[in-house]
Amino acid sequence: GKFNIDTNSIAASACVACIANTNTALEGAATASLCISHAGYYCTEGDCAANAPVKCPDFSDCPAGSVTKAHCIADLNYYCTTDCAANDPAACPVNKVTALVGKTDVADCISKEGWYCAAGAGECTTECPDNSEGEQGITAITQCTASPGYYCTPPNCATNAPTMCPTNTFTDTAGTRTVVADCKAKP
């Protein structure tokens, strides 16, 4: 990004570069004060002309034009207790993720796909049974469903291990597959 303080000149050589990690938001910018921070950086006191941009803490980000560390938000699978201005991002516990960026509490960490556990501080230590799967955020084995090509007889995969579909049949739809009739003939 560049700006040109000489409004009577259109020569490219008259343009002055913004400081590192900034850019102008408008074509034809006439002052350094129109330089804004790149995404991932913020300018203290809202002035990129007088204050070099500061990078957000690792595992956080902010939009272009940010003017305070408070604009930095935690990346996926991280959280900042209260906000990233007061605390650097922390990773979710083992086998846990966040569904969105900007989370501010370990309670926002949920089980990753294929695992189940309560949300929050503890590690997620239990995987869905073999040949079954679970969406992010499931909290009990009863929420695990049969993998494609398998079915679980009622009441669920926790009580009855997934069974492979008979030869020349398959299941490919997501969700609960609970009877052999859910296995369809291969085309």
Side-chain angles (χ1 to χ4, degrees), residues 1-128 133-140 143-144 174-175:
K2 295 183 176 189
F3 61 95
N4 185 348
I5 57 174
D6 182 358
T7 56
N8 293 322
S9 175
I10 58 170
S13 61
C15 294
V16 178
C18 291
I19 62 174
N21 299 311
T22 66
N23 204 351
T24 54
L26 305 169
E27 189 173 318
T31 67
S33 65
L34 294 176
C35 297
I36 62 169
S37 62
H38 286 169
Y41 291 82
Y42 60 94
C43 293
T44 57
E45 299 176 28
D47 185 358
C48 288
N51 302 292
V54 178
K55 188 177 182 327
C56 283
D58 289 344
F59 311 112
S60 67
D61 202 3
C62 63
S66 293
V67 296
T68 175
K69 187 178 178 185
H71 290 159
C72 299
I73 60 171
D75 289 341
L76 277 177
N77 308 327
Y78 289 84
Y79 64 95
C80 291
T81 306
T82 311
D83 62 49
C84 292
N87 301 286
D88 285 347
C92 284
V94 173
N95 297 318
K96 290 189 174 180
V97 297
T98 58
L100 300 170
V101 299
K103 295 304 179 180
T104 59
D105 194 308
V106 70
D108 294 319
C109 298
I110 58 174
S111 65
K112 74 178 189 178
E113 191 173 291
W115 294 75
Y116 63 93
C117 57
E123 292 182 358
C124 199
T125 59
T126 313
E127 212 169 348
C128 285
E133 54 195 39
E135 297 177 355
Q136 280 184 5
I138 65 171
T139 58
Q143 295 169 306
C144 297

- Item | Gly65 to Ile36 - nearest heavy-atom pair and separation | CA-CB, 3.9 Å

- Least distance between heavy atoms, Ala74 atom then Tyr79 atom: CB-CA, 3.7 Å

- Task: Could you grab the distance from atom CZ of Phe59 to atom CD1 of Ile73, nearest 0.5 Å is fine?
- Result: 15.5 Å

- Message: Could you report the tightest heavy-atom contact between Asp58 and Lys55, atom names first, then the distance?
- Response: OD1-NZ, 4.5 Å

Distance-only check: which donor-acceptor pairs under 3.5 Å involve side-chain atoms of residues 105-112, not counting sequence neighbours?
{"unit_1": "Asp105", "atom_1": "OD1", "unit_2": "Ala107", "atom_2": "N", "d": "2.8"}
{"unit_1": "Asp108", "atom_1": "OD2", "unit_2": "Thr104", "atom_2": "N", "d": "3.4"}
{"unit_1": "Asp108", "atom_1": "OD2", "unit_2": "Asp105", "atom_2": "N", "d": "3.3"}
{"unit_1": "Ser111", "atom_1": "OG", "unit_2": "Trp115", "atom_2": "O", "d": "3.3"}
{"unit_1": "Ser111", "atom_1": "OG", "unit_2": "Gly137", "atom_2": "N", "d": "3.1"}
{"unit_1": "Ser111", "atom_1": "OG", "unit_2": "Ile138", "atom_2": "N", "d": "3.1"}
{"unit_1": "Ser111", "atom_1": "OG", "unit_2": "Ile138", "atom_2": "O", "d": "2.9"}
{"unit_1": "Lys112", "atom_1": "NZ", "unit_2": "Asn95", "atom_2": "OD1", "d": "3.3"}

- Message: Nearest 0.5 angstrom please: Lys103 NZ to Asn77 CG, how far?
- Response: 12.0 Å

- Kindly check if the number of other-residue, nucleotide or ligand heavy atoms within 6.0 Å of CD (Glu135) is above 12? no

- Query: Is a donor on one side and an acceptor on the other found under 3.5 Å between the side chain of Thr22 and the backbone of Ser37?
  - Reply: no

- Just by modelled atom types, is the Gly122 backbone N or O under 3.5 Å from a matching donor or acceptor in the Lys96 side chain? yes

- Message: Taking CD in Glu113 as the centre, count heavy atoms belonging to other residues, nucleotides or ligands within less than 6.0 Å. Is the count above 12?
- Response: no

- Between the NZ atom in Lys69 and the OG1 atom in Thr44, the distance rounded to the nearest 0.5 Å is 12.5 Å

- Task: For Pro53 and Cys43, work out which heavy atoms get closest and say how close.
- Result: CG-SG, 3.9 Å

- Report yes or no: is the SG-SG distance between Cys72 and Cys84 under 2.5 Å? no

- When you take the SG atom of each Cys, Cys124 and Cys117, is the space between them under 2.5 Å? yes

- Task: Might you point out which heavy atoms bring Cys62 and Tyr41 nearest each other, and give the distance in Å?
- Result: SG-O, 3.2 Å

- Item | Within-4.5 Å side-chain heavy-atom neighbours: Asp75 and Pro89 | no

- Task: Heavy atoms only: give me the nearest Cys128-Glu133 pair and the separation to one decimal.
- Result: SG-C, 3.8 Å

- Task: Output yes when a side-chain donor or acceptor of Asn87 lies under 3.5 Å from a complementary backbone atom of Cys80, and no otherwise.
- Result: no

- So how far is it from Tyr42 OH to Asn51 CG, rounded to the nearest 0.5 Å? 11.0 Å

